[in-house]
Amino acid sequence: MINYNNKTFSPVSNTENGETSSETFFHYKQNGNILTSEYSGGQIVSGHLIGLVDNEGNIEMRYHQVNKKGELMTGICTSKPEILENGKIRLHETWQWTSGDLSKGNSVIEEQ
């Protein structure tokens, strides 16, 4: 199992309907297979996620955030890890809003 505890991630790409950007930073904490994160930056004033990490390091998560428009947004996401040559983790994410227009998207975030 990959341990994400005390790692910081930032997006390198996102589909247009997403709210995260290179200015968004995720601060991961992990206890056993339970992952949590606080995040903010760019269009996001404050966000939190909670997820479960499986033996291969895949993450199934739920998230909620407040954007600069003052909207509360929620969604679901699955992340698949890739270990880069420098040892850092890249996460390939597939997500869907559970609020707003319910649209889907893809993003990639990398360990800082």
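For this chain, numbers begin at 1 and follow the sequence in order. Nothing here was measured: the structure is a model prediction, and the numbers come from that model.
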Euclidean distance, Lys80 NZ relative to Asn58 CG, rounded to 0.5 Å: 4.5 Å
Side-chain heavy atoms under 4.5 angstrom apart, residues restricted to Ile, Leu, Val, Met, Phe, Trp, Tyr: same cluster for Ile83 and Val53? yes
Can you measure from OG (Ser46) to CG (Leu72) and round to the nearest 0.5 angstrom? 10.5 Å
Can you sort out the partners of Trp95 under ring-ring contact (aromatic ring centres under 6.0 Å, His included), two or more places apart, ordered by chain and number? Trp97
Partner of Tyr4 under side chain to side chain contact (heavy atoms under 4.5 Å, CB included), picked from Ser37, Ser79, Pro81, is Pro81
Thr74 side chain to His64 side chain, donor-acceptor N/O pair below 3.5 angstrom: no
Will you find, in the side chains of Asn67 and Glu19, an N or O donor that is under 3.5 Å from an N or O acceptor? yes
Distance in Å, Thr78 OG1 paired with Leu91 CG, rounded so as to fall on 0.5 Å steps: 10.5 Å
Heavy-atom side-chain proximity of Lys104 to Thr15 below 4.5 angstrom: no
What's the separation between atom CG in Asn86 and atom NZ in Lys88, rounded to the nearest 0.5 Å? 6.5 Å
Drop me the distance from Thr36's OG1 to Met61's CE, to the nearest 0.5 angstrom. 11.0 Å
Find the distance between CD (Glu111) and OH (Tyr28) and round it off to the nearest 0.5 Å. 10.5 Å
The single option from Thr24, Asn106, Thr20 passing side chain to side chain donor-acceptor pair (under 3.5 Å) against Asn14: Thr20
Note, Ile34 side chain near Leu52 side chain (heavy atom, < 4.5 Å): yes
Common cluster, Val108/Phe26, ILVMFWY with side-chain heavy-atom separation under 4.5 Å: no
Minimum side-chain heavy-atom gap Leu35-Leu49 below 4.5 Å: yes
Passes side chain to side chain contact (heavy atoms under 4.5 Å, CB included), Gln65 versus Tyr39? Steps please. CA-CA 9 Å; Gln65 61 202 37; Tyr39 58 97; 2.6 Å; yes
Using the side chain to side chain contact (heavy atoms under 4.5 Å, CB included) rule, take Tyr63 and Cys77 through it: C-alpha gap first, then chi angles, then the decisive distance, then the call. CA-CA 8 Å; Tyr63 59 89; Cys77 179; 4.0 Å; yes
Nearest heavy-atom contact between Leu84 and Arg90 is CD2-CZ, 3.4 Å
Would you say Ile109 and Ile89 make side-chain contact, with heavy atoms under 4.5 Å? no
Could you tell me whether Asn31 atom CG has more than 12 heavy atoms of other residues or ligands within 6.0 Å of it? no
Might you point out which heavy atoms bring Ser22 and Ser10 nearest each other, and give the distance in Å? O-OG, 3.1 Å
Could you tell me whether the side chain of Lys29 reaches within less than 4.5 Å of the side chain of Asn6, counting heavy atoms only? yes
Verify whether one side chain among Glu82 and His92 offers a donor that lies under 3.5 Å from an acceptor in the other. yes
Heavy-atom count check: over 12 atoms from other residues, nucleotides or ligands less than 6.0 Å from Gln112 CD? yes
